Structures are given as structure tokens and as C-alpha cells.
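Let me begin by presenting the structure, written as C-alpha cells, before commenting on it.
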Amino acid sequence: MRANTSAPDVDPSGAADAFAVRLETEGLVLLEGRSFSLTSAEADLLDPSHGDGRAKNISLGAGGVRGAAEADPDLDRLRALMERYRDWSRDTLCDLAPRYRSWLEIGRTSFRTREVADGAASPRKDDRRLHVDAFASQPTQGRRILRVFVNINPSGEGRVWRVGEDFEAHARRFVPSARRLAPGESWALKTLGVTRSRRTLYDQLMLQLHDQAKLDEAYQAGAPAREMVFPSGAAWIVYTDSVVHAAIAGRFALEQTFYLPLEAMAAPAAAPARVLERITGRSLLPA
Ligand code: SIN
Ligand code: FE
């Protein structure tokens, strides 16, 4: 039962939930007829010299802009661009899935200026390898990770992903060999400041799926996956905690992360927490 029954999205026919159901069950939806583009006054921001050379992306969060070059004279314009994208993403999502409006938690906004194919990250950080998203230091405690992407490549280059098997098949493959939390481990990680909040059994399993898949060379080479090309100008929304994905080529994208609690789901049985609970036969989140 929704806590907020006064929300205007109560719809006995369920039509208002059609997009949310589709997004939650299909995981990735390419937006038709909606996009975000840079204004002519923002076009010069598509320049790799804005990065600090260390961070993977330039990003915006509660603490301000991260990953930009120190004393970048365009810092305010970069921030304004990411704010404009954040607001567009939120409005688009709330318009398509009105039931999310009262639950949406806004995460980081990122401006991805690097060529994906160049990334020489460690295997665990290498997003060119198939994975579901899970963050070592930021347990979601069951909340979903929803991301809105737009390819803003100015020379028409597509952003290329590989999209893998469905979440349940992926989970069944890696859950049996997943390392479980040791007694006191979740408490220690939080106390030592390794994690921002307690790592739940759910977070531990998700992190294990992420790490095991990325570190498994045979899986990476032979896993079932199809290639998807998002043309320049395309926008897409993805539950990256359930869609097995890898970014293999492309440059210049904007991405907005949102978090949604399980209570917001229109199709809760499709949520990774519920799938993992069915597979393991135990509850993975604190009551
Ligand atoms: C990822 O979420 O793994 C990377 C997606 C992208 O940058 O296109
Ligand atoms: Fe990812």
C-alpha cells in the first residue's frame, strides 16, 4: 500500500503505470521523440580538456562539481549544463512514469567526455565488461538504480553497448559462487567508513554479481549478448541494476542517476531484490 495516497497518480485503469511496468520488466527503454541537446552556447563544452585527467567523468552531486579541471573557467557553465540535464531527466521520467514522482531520489549527474573504448581501467572498474551496477561504497539497501542517458556526440558517432542475458539467468549463474557477508563485516565496513551505510545481504549479493561477472574472462568472452547502438541524439532509460550491460564505444554522453525504493515499483516481482530472494529462499533486506 502506498504511503502517499493523495498523489494524483492513482489510476484504477493502470494506464498511467504502463510505462513504469514496461521499464521495470524490460529494463531498458529507448525514448521515442524525446531528447535533450546542447544549445549552441553550450557546444564548446564538448571538449576533453574540461576533465581533470583522473576522474572517469565530470559529475554533479550534493557536494558540487567533481572531476573537472582545477580552476576551469567554464566550471559554472558545466554545472549549469548538468543541472539542466538533471531537471530534464527528472521531468521526462515523472511525465512517463507519474507513480515515481513522490519517490524519486536524485543521484549524481554525469557528463561523459571520454572515449569509452580508450578506458584502461582495472577489470573491476571496466564498464566495457558485462555487469549489473552495484557500488562498493554506496549500498542501495534495496533501492533500484535507474539511469537516464543521452548521446550528445556532435559528429554523429553512436554509443555502443552490449546487453546481456536477463537478470534471473545472470543471477542464477553467479549466486552459487557468491561470497556471503562474514559475521560483523557489514558493521565493520560502515564503522571504518568503507561504506556510507550498512551493506545489506542484498548489496553484498549485487556486488558479488558485479565483480564476479567482470572478473570472469570466459563469461566476458562467451556470454550471450546483443549489441545495441544508440545513435547521436538518442535518449534511453535503464534500470542498470537489472540490465546486464557493457559500454564498448562512443564519446560524449550525459547520464542522470535516480534511486527508487521497492515501494515505488509497479512490477515489484521484477526487482533484483525480489528475484534474488526467490533464488536464495531468504529475505535479503532488513524488515
Ligand atoms: C555503464 O553504466 O556501465 C556505462 C554506460 C555508459 O557510459 O554508456
Ligand atoms: Fe554500468
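When reading the values below, keep in mind they use all heavy atoms of this one structure, side chains included, and skip hydrogens, waters and symmetry mates. In listed order, ligands and their atoms are each counted from 1. Values in this document were obtained by computation on a predicted structure and should not be read as measured data.
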Protein residue, atom and distance nearest to atom 6 (C) of ligand 1, heavy-atom basis: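 In this structure, atom 6 (C) of ligand 1 has R112 NH1, 3.4 Å as its nearest protein heavy atom.
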Minimum-distance protein heavy atom relative to atom 2 (O) of ligand 1: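 Checking every protein heavy atom, the shortest distance to atom 2 (O) of ligand 1 gives H245 NE2, 3.3 Å.
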Among the N, O or S atoms of H245, the one nearest the Fe ion (ligand 2):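 Sorting the N, O and S atoms of H245 by distance to the Fe ion (ligand 2) puts NE2 first.
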Which atoms of ligand 1 are found less than 4.0 Å from any heavy atom of [X]?
X: F149; answer: 5 (C), 6 (C), 8 (O)
X: D127; answer: 1 (C), 3 (O)
X: A247; answer: 4 (C), 5 (C), 6 (C), 8 (O)
X: H131; answer: 3 (O)
X: R159; answer: 6 (C), 7 (O), 8 (O)

Geometric N/O contact W236 with ligand 1, under 3.5 angstrom: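 No: no nitrogen or oxygen of W236 is under 3.5 Å from one in ligand 1.
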Any N or O of T240 closer than 3.5 Å to N or O of ligand 1: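 For ligand 1, there is no N or O atom that lies under 3.5 Å from one belonging to T240.
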Could you tell me if the ring centre of [X] sits under 6.0 Å from that of [Y]?
X: H131; Y: Y219; value: no
X: W88; Y: Y85; value: yes
X: W161; Y: F149; value: yes

The Fe ion (ligand 2): angle it makes with NE2 (H131) and OD1 (D133), nearest 10 degrees: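 Value, to the nearest 10 degrees: 90°.
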Within 45° cone and under 6.0 Å: R159 NZ/CZ vs F230 ring: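 Verdict for F230: no cation-pi partner in R159.
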Salt-bridge contact R129-D216 (side-chain N to carboxylate O under 4.0 Å):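 A salt bridge is absent here (no side-chain N lies under 4.0 Å from a carboxylate O).
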Salt-bridge criterion met for R112 and E255 (N-O under 4.0 Å):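 Salt bridge present between R112 and E255.
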Derivation and outcome, side chain to side chain donor-acceptor pair (under 3.5 Å), residues S242 and R144: CA-CA 9 Å; S242 65; R144 307 289 319 266; 3.2 Å; yes
Parallel, tilted or perpendicular: rings of H170 and F174 (30°, 60°):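 Because their plane-to-plane angle is over 60°, the rings of F174 and H170 count as perpendicular.
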Part of E255 with heavy atoms under 4.0 Å of ligand 1, whether side chain, backbone, both or neither: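 No part of E255 comes within reach of ligand 1.
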Chi angles and distances behind the side chain to side chain donor-acceptor pair (under 3.5 Å) call for H245, D133: CA-CA 9 Å; H245 63 283; D133 284 354; 3.2 Å; yes
Under 2.8 Å: N/O/S of D127 next to the Fe ion (ligand 2):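 Coordinating: no.
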